[in-house]
Amino acid sequence: MNEMREKQNPEILAPVGTEGSLKAAVYAGADAVYFGSGACNARRNAGQYTGEALKEAVRFCHAHGVRVHVTVNTLVRDEERRAVADTLTDIAEAGADAIIVQDLTVMRLAKAICPELALHGSTQMAVHNASGVLALEDLGFSRVVLARELSIEEIRLIRERTHAELECFVHGALCMSASGMCYLSAMLGERSGNRGLCAQPCRLPFICNGAEYALSLKDMSHIAHYADYRDAGVASLKIEGRLKSPEYVAAAVDAVRRVRDGEPYSEDMLKDVFSRSGFTDGYYTGQRNHTMFGVRTQEDAKRAQNVLAAIRERYRTPRNSVPVSLSISVQKDRPATLSASDGTHCVHITGPVPETAVHVALSEESLGRNLKKTGGTPFAVTQTEYILDDGLMLSASEVNTMRRDALDALYRARADAVSYTVHEPILDLPGKKRRETPRICVRYASYAQWQDDPDIAYFSLPMHELLRHPEAISDRTAAEIPALVYPKDEANVQEQLTSLRKTGLRYALCENIGAIHMAKNAELIPIGGYGLNVTNSDAIEAYRSMGVAALFVSFELSAAKIRDLSCTIPLGMITAGRLPLMQLRSCPARSDRGCGACSGRPVLTDRKNAVFPLVCNNRAYSTMLNSVPLYVADKQLPPLDFYAVYLTLETPDTAREMIRSAVSREPIRESHTTGLTFRNLL
């Protein structure tokens, strides 16, 4: 599908959380930076650029030849849409180059406010295959930030089938869960990673098979593999770390730039600046094993103090990286003029009338010495042109003043170069749909749990179960597409969906945007699962326009927020069952010998002795379940179209009992949680 591309050096994309890290990134040689603006970004505790600070940051970067990507990549609630629209307006008016988006509401608002502003799909959208990229291409995204769990071979496969620019993380912290699919912080601490407030509970002690920190991965560092990313057609290499120090940012940017320029870099220095017992490239190589895990030790912190001062000193002034040509005219009885051009912008400065030389006349050599003094600016003079009459004189201070004025004017022209047309968005929400009495639907984990109960309006079974048991297929059945379908399995899953459709299947349950694309390719009707992270009315409408027939809202959304949603398609929520808290490609139960010694039912135990089961999904990934099931079926709930029972490890008998209780809206005796249904999640 993808035509041959000329191999180009990927962009070096640096994280920014403070003014210090902004200057460090730019002065160290970043091609682009990313930072947050307003509350709707995935690092709400990092510094934010708003108002004049936002405009000045963009001007500073553009003057230095650095692009700006602004993160607006958290989930939005209905009452926040006005604030998000204002933030997007500010970003457009500041002239940023792109916004990074997770929630389709932000996408829709951005298109309405400023269609010229480039859309980049956040890693929070969990795009890990070509189908996900193609889905975002259809929505108008020009770039997609791929999941960090991919190997270089998988990235190549995605590149071969898609057109949008691909952005990949190459250095920094690794989330244990697939991004956008982690609910651990929300469930345990009421701080949602999808809302930019992750408390990192995965860094706490979780024991699995004797490993004490079984959810804590080392930081990634793939900088040495720069050429492979370039050859694979990756457009941007991203450094993680908006909460990190300016020294960390400068050191990481410098390392990538050195490798790009064919120079050596010190990985040991990067480890000293920040690491968790060293680095891992396990995802890059596909060697996902116990060596990927690590924690930050006291020794790691001590080593950092030894290198920070040296790094700080090296990146206090700008790099002269913007080529500029100067043309000076010094002619008798005319004011001297100086023109400066960066190839796009050109400025002209008028100076004094030259005098007749008394001792030494001006020469091209003497003029050049003064014109090429560009220290303290982003400019490097690469070409000079002279129109010079004989026997004339300008003082060195006069030439220096003309040069400074010309470069200052060129700096301002570059800083003010971007201008978009900005529109006022319409913030009206779709009308509320009158809902009937909610019906029960069930997500079965296995055919053994399945029962053809007339009280169940709709149900889903995993694809592999339906392939083995087509007798379960009816007009009430949906095939659950795996939450993670990596590139080497993508074609096979697509074929299986098509095969199921031919046996009479009509629906597919989709937990990410790539699955929606796969379902539609198989001519199945997509049903949106909890994994789409729907938290607002506009996102519901966006998915409806993509062909989604019904949706389940995020289980991070409270009952009060759900009650206020407007929609034009059937809506549901999970009311019973163990909730999936993480999707893990690097399984913490995997031993040195691989999966062979695994019981198939490993568990994680936290510091309070709560036990969290792990479910293996055909050895492709594992799912961490909550320690106790959710149960709110007996509570006063928002009027929706569906209430869902989410079955996982239940035996056929316990599954039947849970469904019976949910249908009758009765309390249960077993230990359970009400989850986030009645909490005010941040």
Side-chain angles (χ1 to χ4, degrees), residues 9-17 21 24-25 28-34 123 145-155 166-176 179 200 202-203 213 216-232 234 236-297 299-301 303-304 306-308 310-311 315 585-586:
N9 282 329
E11 163 190 271
I12 303 173
L13 178 58
V16 167
S21 58
D31 301 306
V33 299
Y34 66 102
T123 190
V145 187
L146 293 179
R148 296 174 225 206
E149 302 83 43
L150 295 170
S151 71
I152 188 64
E153 291 301 322
E154 291 169 329
I155 292 168
L166 302 180
E167 182 173 298
C168 296
F169 283 93
V170 292
H171 188 81
L174 282 172
C175 293
M176 184 64 190
S179 297
Q200 296 190 337
C202 53
R203 302 296 181 188
Y213 288 90
S216 182
L217 291 173
K218 295 176 180 178
D219 284 16
M220 71 191 308
S221 191
H222 303 170
I223 295 172
H225 305 296
Y226 175 92
D228 291 339
Y229 283 102
R230 179 198 61 208
D231 294 347
V234 173
S236 180
L237 299 183
K238 189 171 196 172
I239 298 164
E240 185 277 338
R242 283 199 283 141
L243 294 174
K244 298 291 200 313
S245 68
E247 293 83 3
Y248 167 94
V249 173
V253 169
D254 180 69
V256 182
R257 184 186 57 79
R258 286 178 181 274
V259 174
R260 182 177 69 183
D261 294 344
E263 302 173 5
Y265 81 100
S266 172
E267 186 172 284
D268 288 338
M269 185 189 71
L270 288 179
K271 289 179 184 177
D272 290 344
V273 173
F274 192 94
S275 79
R276 291 181 170 88
S277 306
F279 295 131
T280 178
D281 64 357
Y283 281 136
Y284 169 88
T285 62
Q287 301 299 310
R288 299 178 294 275
N289 54 44
H290 70 285
T291 65
M292 294 182 67
F293 293 82
V295 295
R296 184 147 174 87
T297 65
E299 288 302 314
D300 292 331
R303 283 196 295 271
N306 299 328
V307 299
L308 295 184
I311 295 171
Y315 303 109
R585 193 173 196 193
S586 183

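Because the structure is predicted, anything quoted here is derived from the model rather than measured.
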> Is there a side-chain contact between Arg288 and Arg585 (heavy atoms, below 4.5 Å)?
Replying inline: yes

> What do the steps show when you test Leu146 against Ile155 for side chain to side chain contact (heavy atoms under 4.5 Å, CB included), and what is the final call?
Replying inline: CA-CA 8 Å; Leu146 293 179; Ile155 292 168; 4.2 Å; yes

>> For the backbone of Arg276 and the side chain of Asp300, can you confirm whether one donor and one acceptor N or O come within less than 3.5 Å of each other?
In response: no

> Can you name the nearest heavy-atom pair linking Tyr315 to Ala250, along with the distance?
Replying inline: CD1-CB, 3.4 Å

>> Between Ile152 and His225, does the side chain to side chain contact (heavy atoms under 4.5 Å, CB included) criterion hold? Intermediate values first, please.
In response: CA-CA 9 Å; Ile152 188 64; His225 305 296; over 6 Å; no

> Would you say Phe293 and Thr280 make side-chain contact, with heavy atoms under 4.5 Å?
Replying inline: no

>> To the nearest 0.5 Å, what is the distance between CZ on Phe274 and CZ on Arg296?
In response: 4.5 Å

>> Just by distance, no angles: are the side chains of Thr291 and Asn289 close enough, under 3.5 Å, to form a donor-acceptor pair?
In response: yes

> Honestly, is Arg258 close enough over Tyr265, meaning NZ or CZ under 6.0 Å from the six-membered ring centre and within 45° of the axis?
Replying inline: no

>> Quiz question: by atom type and distance under 3.5 Å, do the side chains of His171 and Asp219 form a donor-acceptor pair?
In response: no

>> I need the minimum non-hydrogen distance between Cys175 and Leu217, along with the two atoms involved.
In response: O-CD1, 3.8 Å

> Hey, what do you get for OH (Tyr229) to CD1 (Ile223), rounding to the nearest 0.5 Å?
Replying inline: 10.5 Å

> How far does CD1 of Ile12 sit from OG of Ser236, to the nearest 0.5 angstrom?
Replying inline: 9.5 Å

> Under a 4.5 Å cut-off applied to non-hydrogen side-chain atoms, are Val249 and Pro15 in contact?
Replying inline: yes

>> Working note: Phe169 + Met220, criterion side chain to side chain contact (heavy atoms under 4.5 Å, CB included); need CA distance, chi angles, decisive distance, verdict.
In response: CA-CA 8 Å; Phe169 283 93; Met220 71 191 308; 3.8 Å; yes

> Which distance, rounded to the nearest 0.5 Å, do you find between the CG of Asp272 and the CZ of Arg303?
Replying inline: 6.0 Å

> Taking all non-hydrogen atoms of both residues, which atom of Pro10 and which atom of Asp31 are closest, and how far apart?
Replying inline: O-OD2, 4.1 Å

> Can you name the closest pair of heavy atoms from Val273 and Ile311 and give their distance?
Replying inline: CG2-CD1, 3.4 Å

> Is the closest side-chain heavy-atom distance between Asp228 and Tyr284 below 4.5 Å?
Replying inline: yes

> Residues in salt bridge (charged side-chain N to carboxylate O under 4.0 Å, His left out) with Glu11, at least two apart?
Replying inline: Arg67, Arg143

>> Which residues pass the side-chain hydrogen bond (donor to acceptor under 3.5 Å, both in side chains) test with Tyr283, not counting sequence neighbours?
In response: none

>> Between Thr123 (side chain only) and Ser179 (backbone N and O only), is there a donor and an acceptor less than 3.5 Å apart?
In response: no

>> Assess the residue pair Ile239 and Tyr248 against the criterion (side chain to side chain contact (heavy atoms under 4.5 Å, CB included)); give the C-alpha distance rounded to whole Å, side-chain angles, the decisive distance to 0.1 Å, and a yes or no.
In response: CA-CA 10 Å; Ile239 298 164; Tyr248 167 94; 4.3 Å; yes

> So how far is it from Ser586 OG to Arg148 CZ, rounded to the nearest 0.5 Å?
Replying inline: 14.0 Å

>> Is any side-chain heavy atom of Leu237 closer than 4.5 Å to one of Leu13?
In response: no

> Looking at residues at least two apart in the chain, or sitting in another chain, which of them share a salt bridge (charged side-chain N to carboxylate O under 4.0 Å, His left out) with Lys244?
Replying inline: Glu240

> Do you know which two heavy atoms are closest between Arg257 and Gly29, and how far apart they sit?
Replying inline: CD-CA, 4.1 Å

>> Which heavy atom of Pro246 sits nearest to which heavy atom of Ser21, and what is that distance?
In response: CG-N, 3.6 Å

>> Rounded at 0.5 Å granularity, tell me how far NE2 in His222 sits from OG1 in Thr285.
In response: 7.5 Å

>> Quick one about Ser216 and Arg203 (side-chain donor to acceptor, distance below 3.5 Å, no hydrogens or angles considered), yes or no?
In response: yes

